[in-house]
Amino acid sequence: MPQKVRIHPLVSPWGRFGLYSFFIDAPEPAIVDAGIASSPASGMVPELEKLGRSIEDVRWILLTHGHIDHLGGADALWELTGRRAQVVLHDADAHLLRSRRSHVDQYVQVRQQYLNNPNGVEEQTNAANQVISGEMEPTKLVKGGETLSLGGNVSVSVHHIPGHTSGSVAYVVDGQQSVFVGDAVQIHGAANGFPGYEDPAAYRSSLEYLRDEVSPEHLYLGHPYRNSDGEPYGVELDREATRAALKESIDLEARIAGSAQRYFEDGIEETDSVYSPFERVANEVGYTGDPTLEPSPFFTTLNGYWTRFQQR
Ligand SMILES: [Zn+2]
């Protein structure tokens, strides 16, 4: 299916990660995800100039979810548009744009208990202060099911695909099935080499929904996620690569789920391993990366399985 509306990746580097935003060249132009505080001025402005477009013309800032590397640049980008763009975010992740402290709270509630880092809260506080350009109220809250008009005959539909975060959404350019999912399709993870999701059951359902209901012709990812050999997929996938990425994501989730289930039933134990208390799961699925490197998808994900197991 040919694309009528042109889409351009806008990249900004951040530590071990490449952060990808996307420009939708519609009558009312949109940028999907805002990177970190420095991304709009240093990455987006010059890239748009190369395309002969101006950042002031952007009318939509479409945030796929609330993580700092996706919404950190939102306030700065909004200011560059003269505050004329709509800033769109799912209700369930909106607190992460309203408050830097929410990001620290999330660390304290989930990852801190596994990481044994005495400076963790200070580091998270500093990161939130540096990387998030400003706290703001989204100008348009969504829940999934909305259609946004980008002018002319271009529209984008919003689909709720929770799992990576509770407020993750996909934006779909209608008629050409160009689908922006942020971090909702993790494959084998990005720089940390492990898929990160807060709610395993929701993650799986959302992957199946993308495969069966949305059926992308073009899939756009927030980072170059890796396959089972550690090789990165690109961030712009065609239909065939999308099917492969969704299958790899679903298959790996099933392997982790099976391993976690068997282990939890036997009773978890603390060990000296950096993977403790989930060392056995890391061994069974062959994860050899450093689980302490933030944002620590290993502990976020295993905490999700463990929480669900305890709630049975
Ligand atoms: Zn994320």
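Ligands are counted one by one from 1 in listed order, and the atoms in each one are counted from 1 as well.
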* To do: Would you please indicate yes or no on a ring centroid separation below 6.0 angstrom for Phe278 and Tyr114?
  => yes

* Where the side chain of Arg255 meets the backbone of Ile250, is there a donor-acceptor pair that is under 3.5 Å apart? -> no

* Please confirm whether His90 and His159 have ring centers closer than 6.0 angstrom. => no

* To do: May I ask you to establish whether Arg312 and Phe309 are in a cation-pi arrangement, using a distance under 6.0 Å from NZ or CZ to the six-membered ring centre and at most 45° from the ring axis?
  => yes

* Structure fact -> At a cut-off of 2.8 Å, protein N/O/S around the Zn ion (ligand 1) gives His65 NE2, His67 ND1, His164 NE2, Asp183 OD2

* What heavy-atom pair brings Tyr203 and Ser249 nearest, and what distance separates the two atoms? -> OH-CB, 3.8 Å

* Asked: Aromatic ring centroids of Phe298 and Phe194 under 6.0 Å?
  -> yes

